[in-house]
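Reviewing the structure listed below.
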Amino acid sequence: MRGPMLRTHAFRALPALVAASCMLFAWEIYCRSSGISETTLPAPSQVLLQAWLNRDALWANTVPTLRATLLGFSLSLVLAFLLSMAIDFSTLMRRALFPIFIASQTLPLVAIAPLVVLWFGFGLLPKILLVALVTFFPMLVALAEGYAATENEVEDLLVSMGASRWKRFLLARLPSALPYFFAGLRISITYAVVAAIFAEYAGAAKGLGIYMLNAKNNFRPDLVLAAVLVSSLLTLLLFSATWAVQRLAAPWIDSGAGRRP
Amino acid sequence: MTEPLLCLDKVSLSYGDIDVLHDISLDVMPGEFVSILGPSGAGKSTIFKLLTGAANADSGEIRFAGKPLLPTDRPFAFMPQRDALMPWRRIIDNTMLGLEVQGMPRKEARKRVAPLFEEFGLGGFEQHYPQALSGGMRQRAALLRTVVQEKPVLLLDEPFGALDALTRNQMQIWLEAMWLRHRWTIILITHDVREAVMLSDRIHLLSPRPARVEQTIAVPLPRARFSHSTARAEAATIETSILDFLLSPQINDQEGHLP
């Protein structure tokens, strides 16, 4: 089974690969034929070459970014679960907190990031906070809607069995919310690396964000793009990890229903 | 004559301005198969809500085994409309849900339900997720989940309503056979007249909302009815008379007077 399935996946990815290759090829041709300066628009080959030559520096700056991303995202996960439970169990909490959560998403990151750095310093903490601020909301909303989507019949059944509110939450509402949660998780995770980089951009000792800023100031767009490439790969990696986690934690979501990403 | 196991005495309930149940009185004998038959939206499911504690009556009394039913009493095992199987639980874990809620350790609960799978035609499907099962199998799994709780009364809310006609017939035949073997006390909610006649000892006929018990019809036909030619023929007669009654002007007049 495994061989043909892999082949099917490769076959599905083929159009995307062809399209991306065409774009890169056009970019490369343009850089070589137009005589545009390398300090304005470097060719993809140049970016790849410089990424390879500067791999040690890139790696040294990737580690702090990855650390900030993962820690921030973990905090965000814990917050999303706790807060979603608070608003699920108490209408008062929902009325009190939900508007605040929505307001938190209206804050322009450009303005807030330097302030958070100002308040909490150049260390890890402001990055963690900013990543959490940007990523907790989609998961929170997904969880809240997931709880609400629990089938009435299932809840009636549990009531008839004498289940408490807490048991109903654990046995029905939480598992019902999992497909929604994973959808929210995938949205969130694509923001996470970008948020960490933005936080570093606003002030950091090390990290992809500050690396990009320095490269830009040194007129090295090739290195900026090399760092962008790394951050994109990081996001893709984390995004794929969500599928793996889903398959482990909730294998029933895919099974039988025939849905495929 | 034996005492009724369950007795509803002039039970009324309204949601806001809407009268749902109006002086409902009915009883159920031990080991009896009783149907509550009525038009859609008449409030049949609301009667089950009263019994399972999901709603409270405004007036009237519910007695179980001669004593008023307390909110802490749970002598009923409920099978909701559609099957309410949890897609995230394997079939064996779905069927043991009631035992788990009662506080039985999972391992022990699985051991308790496992031997019943063969009898319910689910042998070999213990580890499947519900999505992989046919409609009929899902209903049998839902019924297994209901009976394994070992409650004195089974409440079945339109259990076969969502099935195709052929599967529904097969399930009715199967349910009658199971009932003949186990003699559970069953209250079946249905709007399918034939289903009520073929399965029940007695039928409580409900009026449109606000629901009252219009008539209680005994069905003294021999069992097993589906394989009994005279039973089938007489069932058809009873079915016709019930249909005539449900379609009669006096019943429909009442509907006309609804707000």
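Worth knowing before you read on, the calculation uses all heavy atoms, side chains too, and leaves out hydrogens, waters and symmetry mates. Keep in mind that what you see is a predicted model, and the values were worked out from it rather than measured. So you know, we letter chains A, B, ... as the sequences are listed, proteins then strands, and number each from 1.
Cation-pi check for B:R90 over A:W252 is not met; the charged atom does not lie both under 6.0 angstrom from the ring centroid and within 45 degrees of its normal. For the pair A:R168 and A:W166, the NZ or CZ position fails the cation-pi test of under 6.0 Å to the six-membered ring centre and within 45 degrees of the ring normal.
For the 3.5 Å distance criterion, the side chains of B:S12 and B:D58 fail to qualify, holding no donor opposite an acceptor.
Taking the six-membered ring where the residue is Trp, A:F181 and A:F81 present tilted rings, their angle falling between 30° and 60°.
For B:Q149, the part lying near chain A is the side chain, with the backbone staying farther off; criterion is any non-hydrogen pair under 4.5 Å. Only the backbone of B:F76 comes within contact range of chain A, judged by heavy atoms closer than 4.5 Å. Contacts of B:K49 with chain A are made by side-chain atoms alone, with heavy-atom separations under 4.5 Å and no backbone atom involved. Contacts of A:A163 with chain B are made by both backbone and side-chain atoms, with heavy-atom separations under 4.5 Å. For A:L171, the parts lying under 4.5 angstrom from a heavy atom of chain B are both the backbone and the side chain. The parts of B:L97 that come within reach of chain A are both its backbone and its side chain, each placing non-hydrogen atoms under 4.5 angstrom from that chain. For A:S176, the parts sitting under 4.5 Å from any heavy atom of chain B are the backbone and the side chain alike.
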Point to revise | side chain to side chain donor-acceptor pair (under 3.5 Å) between B:T52 and A:S160, worked out | key: CA-CA 5 Å; B:T52 58; A:S160 83; 5.9 Å; no

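Look at B:R82 and B:E158 and you find no salt bridge, because none of the NZ, NE, NH1 or NH2 atoms lies under 4.0 Å from a carboxylate O.
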